[in-house]
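One structure below.
Note: hydrogens, waters and symmetry copies are ignored here, and every other heavy atom, side chains too, is used.
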Amino acid sequence: MTQGLILIVLQKITTTLGGAAVTALVSKVGEVARIILEAESIMKEIESEFEIMQAFVSQVDQYTGRNQILESWLKHIRKVACDVEDIIDEYAFLLGKMANPESALKKAFHSSKNIKTWTNLASQLKRVKERLQNLTVMKERYGIMISESGVGSSSHNITRQHYLSDASYLNDGDNDVIIGHENEARKLAQCINDDVADRTVISICGMGGSGKTTLLRSLYKRQEIIKMFDCYAWITISTNYLIEDLLSEVMTQLDDSYKHCTTDYNDLVKRIQSYLGNKRYLIILDDMWNRDCWPCFDLVFVKNECKSRIIITTRIEGVASLALDDHTVKISTLSEEESWTLFNKKAFSKLSNKTSTCPEVLVPWAEKILVKCQGLPLAIVAIGSLLSYRDMEEQEWRLFYNQLNWQLTNNRELYCWVSRVLEYSLSDLPSHLRNCFLYCALFPEDYQIRRRWIIRLWVAEGFVQDRGTETTLEEVAEDYLRELTQRSLIQVTERNEFGRPKRFQVHDLVREMILTISRKEMFAHICNHQDITDVGGLANRVSVHSGGQVYQPGPFSQNLRSFLLFDKQVPIPWINTASSNFRLLRVLCLRYSLLKDIPDAITGLFNLHYLDLSRTKVNKVQKSLARLKKLQTLHLRFAHVRELPPEITMLTNLRHLSVSNDLYGTSIPGNICSLKHLQTLRQVKANKDLARNLGYLTQLRSLGITGVIQSYNEDLWASIMKMTVLTKLDVGTSGENEALNLQKLRPPRNLEKFYLTGKLEEGVISPICDGFQKLRVLTLRWSRLQKDPLRWLSQMVNLVYLNLYCAYVGESLKFCSGWFPKLKQLHLGNLKELSSVQISNDAIANLACLELCELQNLKAVPEGLKYLKLLQRLYAQNMPGDFVEMLDGDGREFVQHITNIECV
């Protein structure tokens with residue numbers, strides 16, 4: 001993880017030095033200017049040194065642990081990098097303090113005390129520079145270098161292949177019996193046996209330890225499969241391969257007469273091509289980590305029309321995409337029932353009764369152990385096999401469970417079987433993803449992490465690299481998240497209407513692995529005990545999951561960069577005391593805490609980029625919060641703040657401002673024109689000036705505004721039309737008698753989500769419908785439409801979600817053939833006069849979910865439901881008794897194809 005730490009330092013140096021604000025500030029501070037400029041000069045020299053060191057470390061970091069000299073050297077590099085990060089953040093803190101007009105430091109800046117502060121910082125930089133130079137000399141002295149075979153271990157590839165390719169040995173003697181993955185096995189066999197004559201690529205994709213190789217090996221050993229092919233070969237691909245070695249191994253397996261006659265690349269290519277010729281062959285490329293070698297394999301494995309097959313197993317979705325979608329087998333974790341069966345088979349195979357059944361006294365502990373495994377076959381088999389040699393006593397199993405986290409990293413058998421396999425996924429990560437992945441462990445076990453939340457935290461921490469003015473840091477971070485998903489390191493648990501990950505979690509065993517690394521590298525620390533006295537000195541990032549009743553500041557508390565609080569019962573004095581010691585903090589998340597007032601100490605955290613007070617009882621934001629010039633994200637959603645101070649508009653680096661999430665909104669009395677970097681503004685209360693000035697916020701992606709009255713309409717729509725990158729818009733009126741006039745609205749061309757709350761003037765929506773070509777989500781609430789709106793809404797051809805709540809006062813809705821071709825979710829609620837819903841054949845053909853709520857006059861089940869063959873869920877809430885009875889009576893034939901029908 002050394003290179004990840006160096007990357008943070010390099011990015012901080014880049015963003016901290018040489019800014020126009022710094023130059024202007026230095027010009028005003030007289031004799032201290034020389035000291036500041038000297039410090040900047042030394043930092044630039046350190047930056048150059050770290051850039052070269054980053055390149056070197058990126059090539060040797062993966063060999064850490066197999067070379068003690070290298071490990072010791074990297075440890076010292078990490079220590080220097082941590083010290084540099086502290087100095088840079090201290091430098092930024094002091095500049096931030098100077099930039100505030102009320103700052104005592106600026107008023108007395110020429111005092112000897114403050115000259116001493118800056119002189120001391122410059123001296124620290126000089127010492128760090130000397131340490132870096134000494135480490136470079138030390139590297140040469142002890143011969144730490146890069147060779148073709150790696151650093152300090154020429155057997156790296158062999159060792160790696162041994163652990164990865166032999167994972168399936170854990171099946172013992174039951175090679176032909178696979179527990180779970182029956183559907184995947186059938187699909188794989190079907191792909192192998194289909195009638196496609198062309199050479200076909202098949203991929204099996206899943207996280208490390210999910211059973212990809214085991215599944216494939218079970219088919220590979222079946223004679224009826226092998227006899228179909230004239231020849232076959234199985235090779236395991238490490239991350240550090242020589243293509244000539246791989247080709248030589250292929251040739252050796254294909255032709256017994258070949259005895260490693262050559263290592264020449266061109267000769268090997270010709271030999272394999274010649275040998276395969278018109279043969280029907282099967283090639284297994286096991287554990288492939290990237291696509292770099294594919295052009296060679298694509299050339300070597302001839303494209304004959306003999307039903308030849310190439311099967312790839314991989315953890316990386318980008319590699320799996322070498323196969324067509326219908327020839328990609330995705331391996332998921334086992335169900336609870338499958339996990340229990342597999343665990344029983346392994347853990348109790350040695351019992352004298354041979355029933356492989358868990359003794360009743362051990363069932364509670366076996367269930368707890370399986371919860372930790374979360375359906376990962378490798379973990380279930382490894383832990384079960386290990387337990388099979390232990391006494392079947394409750395005390396023995398209780399002790400093992402309580403030590404399970406320790407066992408995974410310290411028990412040699414478990415480490416080799418489980419942790420090492422998972423660890424390879426982490427060691428293969430590029431440096432820009434490592435810090436982001438480690439950060440995920442700050443969330444509690446099994447926590448559903450929201451996409452937007454983690455992305456903004458990564459940006460605030462400085463983990464995300466700038467890719468140019470055309471791309472926001474948030475968009476880059478979303479790419480990072482996508483990469484982690486494609487590498488099977490995180491599991492998507494919920495997707496939004498677009499199929500984009502909305503929530504995800506980290507597998508428990510993977511989380512334990514990265515927590516171990518985080519503790520070792522002092523990256524992060526989890527507080528999970530009842531008595532916490534000091535969170536400083538343990539790591540640069542702290543997450544409190546439980547405990548924290550007493551806080552005693554330690555000497556290193558001020559070096560914290562992130563503090564996340566998940567314990568909802570921590571006393572307010574604890575929070576006040578703790579926050580007053582977080583001098584260099586960048587991220588402070590106190591959501592769900594008991595806070596009623598924002599601690600004054602927070603307004604002195606000049607390095608703060610992210611402040612989250614959501615779902616607290618905070619009802620006032622003091623004007624001194626404007627001192628946080630670097631603040632990028634301010635979350636006050638579901639807090640009790642009704643008005644922000646005008647000074648909030650001085651936070652010109654704000655990117656995300658989320659306030660009250662109800663119909664009343666939160667007022668911003670100041671001029672928001674200066675908040676030009678805002679991407680998110682929700683949920684603010686409208687006024688005349690705000691409606692007019694919103695047009696200056698051209699970077700807005702998400703806007704929520706409520707309290708709109710008729711006189712604001714024209715200015716509001718004019719402002720919104722200037723927001724060319726707006727993707728989400730939520731507009732609400734000040735009350736049920738106020739109307740929204742949409743005549744002057746020209747839909748933003750990139751709008752994807754539109755939420756309208758309030759009466760629409762003249763009860764129509766028609767003039768604007770044909771402009772929403774990218775719109776995918778539409779919610780209309782309290783619109784009081786007089787005519788069936790579906791004719792107009794059907795012009796929004798890309799809609800996947802439509803919600804009409806108290807939006808229509810007519811008696812019938814008609815879905816005509818061809819309308820809403822992509823709609824998947826439809827919600828109809830509180831349409832009091834609605835008595836008829838007609839659905840023509842081929843209308844809303846892709847609908848998967850239909851919710852009907854409080855439709856008191858809809859007493860008949862729509863006959864057209866029988867056309868919706870893809871409808872999986874029908875949810876009926878507070879529907880008339882006649883409707884409910886008809887579902888089980890005369891209307892049963894219309895809904896019999898729907899798998900999930902729920903009436904409440």
Side-chain angles (χ1 to χ4, degrees), residues 161 164-206 209-237 246 249-258 272-273 275-288 297 300-314 320 322-332 334-335 338 341-342 345-346 349 356 377-378 381:
Q161 289 185 19
L164 294 182
S165 64
D166 287 347
S168 60
Y169 80 92
L170 295 170
N171 275 343
D172 300 330
D174 302 303
N175 292 318
D176 295 326
V177 180
I178 297 293
I179 296 175
H181 301 321
E182 288 88 356
N183 293 334
E184 292 86 346
R186 278 193 292 271
K187 182 174 181 179
L188 178 58
Q190 181 182 346
C191 292
I192 294 173
N193 294 325
D194 64 23
D195 294 327
V196 177
D198 295 338
R199 184 206 73 179
T200 303
V201 178
I202 304 166
S203 66
I204 307 175
C205 185
S210 60
K212 304 180 295 293
T213 301
T214 302
L215 173 64
L216 181 55
R217 196 178 292 277
S218 69
L219 265 72
Y220 191 74
K221 290 187 175 182
R222 285 165 51 180
Q223 288 299 310
E224 66 269 25
I225 296 290
I226 292 300
K227 287 180 180 178
M228 294 164 49
F229 298 94
D230 302 320
C231 57
Y232 42 85
W234 180 309
I235 59 170
T236 301
I237 305 172
L246 296 177
E249 178 63 22
V250 169
M251 193 66 221
T252 300
Q253 292 189 37
L254 290 175
D255 186 0
D256 293 337
S257 64
Y258 175 77
I272 296 175
Q273 288 176 331
Y275 184 85
L276 294 179
N278 292 320
K279 293 184 178 69
R280 184 180 185 185
Y281 61 83
L282 172 64
I283 303 292
I284 310 296
L285 305 176
D286 192 25
D287 208 38
M288 192 163 155
F297 290 143
V300 171
F301 303 139
V302 295
K303 298 176 182 177
N304 55 32
E305 296 187 357
C306 303
K307 296 187 179 181
S308 297
R309 300 290 183 261
I310 300 172
I311 305 180
I312 298 168
T313 72
T314 183
L322 289 168
L324 297 176
D325 286 346
D326 60 350
H327 280 72
T328 298
V329 180
K330 293 189 176 181
I331 300 290
S332 58
L334 300 179
S335 66
E338 292 167 343
T341 301
L342 180 59
K345 187 176 180 61
K346 295 300 173 184
S349 60
S356 296
L378 179 66
V381 169

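Using a 4.5 Å heavy-atom cutoff, the side chains of Tyr232 and Ile283 are not in contact. With a 4.5 Å cut-off on side-chain heavy atoms, His181 and Lys187 do not count as touching. When side chains are defined from C-beta on, Ile235 counts as touching Gln253, because their heavy atoms get closer than 4.5 Å. Within the 4.5 Å cutoff, no side-chain heavy atoms of Thr313 are placed close to those of Met288. At a threshold of 4.5 Å between non-hydrogen side-chain atoms, the residues Leu276 and Cys231 count as touching. A heavy-atom distance below 4.5 Å is not found between the side chains of Ile204 and Glu184. Looking only at side-chain heavy atoms (C-beta outward), Ile331 and Val329 come within less than 4.5 Å of each other. No side-chain heavy atom of Ile311 sits under 4.5 Å from any side-chain heavy atom of Leu285.
The shortest non-hydrogen separation linking Ile192 to Leu219 is CD1-CD2, 4.1 Å. Ala323 and His327 get closest at one heavy-atom pair: CB-O, 3.7 Å. Heavy-atom minimum distance, Gly211 versus Pro377: N-CG, 4.5 Å. Taking both residues in full, the closest heavy atoms of Val196 and Thr200 are given as CG1-OG1, 3.6 Å, listed atom of the first, atom of the second, then distance. The two residues Met228 and Asn193 make their nearest non-hydrogen contact at CE-OD1, 2.8 Å. Nearest approach of Gly180 to Leu334, heavy atoms of both residues: CA-CD2, 3.9 Å.
The number of heavy atoms from other shown groups lying within 6.0 Å of CG (Asp325) does not exceed 12. No more than 12 heavy atoms of other residues, nucleotides or ligands shown are found within 6.0 angstrom of NZ on Lys330. Around the CD atom of Gln273, the shell of radius 6.0 Å holds more than 12 heavy atoms that belong to other residues, nucleotides or ligands.
Between Phe297 and the choices Val201, Ile310, Ile237, the side chain to side chain contact (heavy atoms under 4.5 Å, CB included) rule is met once, by Ile237.
Between the side chain of Lys346 and the backbone N or O of Leu342 there is no donor-acceptor pair closer than 3.5 Å. In this structure a side-chain-to-backbone donor-acceptor pair under 3.5 Å is present from Arg280 to Lys307.
Using a 3.5 Å distance cut-off with no hydrogens or angles, the side chains of Thr213 and Asp286 do pair a donor with an acceptor.
Between Asp194 and Arg309 a salt bridge is recorded (basic side-chain N to carboxylate O distance below 4.0 Å).
Atoms CD1 and CG, from Ile202 and Leu322 in turn, are 13.0 Å apart once rounded to the nearest 0.5 Å. For the atom pair CD1 of Ile225 and OH of Tyr220, the computed distance is 12.5 Å after rounding to the nearest 0.5 Å. Interatomic distance, CD1 of Ile312 versus NZ of Lys212, reported as 13.0 Å (0.5 Å rounding).
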request  = Would you check, one step at a time, whether the test side-chain contact (heavy atoms from CB on, under 4.5 Å) holds for Lys279 with Phe229?
outcome  = CA-CA 8 Å; Lys279 293 184 178 69; Phe229 298 94; over 6 Å; no
side-chain contact (heavy atoms from CB on, under 4.5 Å) between Val381 and Lys345: does it pass, once the steps are laid out?
CA-CA 9 Å; Val381 169; Lys345 187 176 180 61; over 6 Å; no
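Asn304 is linked by a side chain to side chain contact (heavy atoms under 4.5 Å, CB included) to Tyr281, Val302, Cys306, Ser308, counting only residues two or more places apart in sequence or in another chain.
Because its NZ or CZ atom is not both nearer than 6.0 Å to the ring centre of Phe301 and within 45° of the ring axis, Lys303 does not count as a cation-pi partner of that residue.
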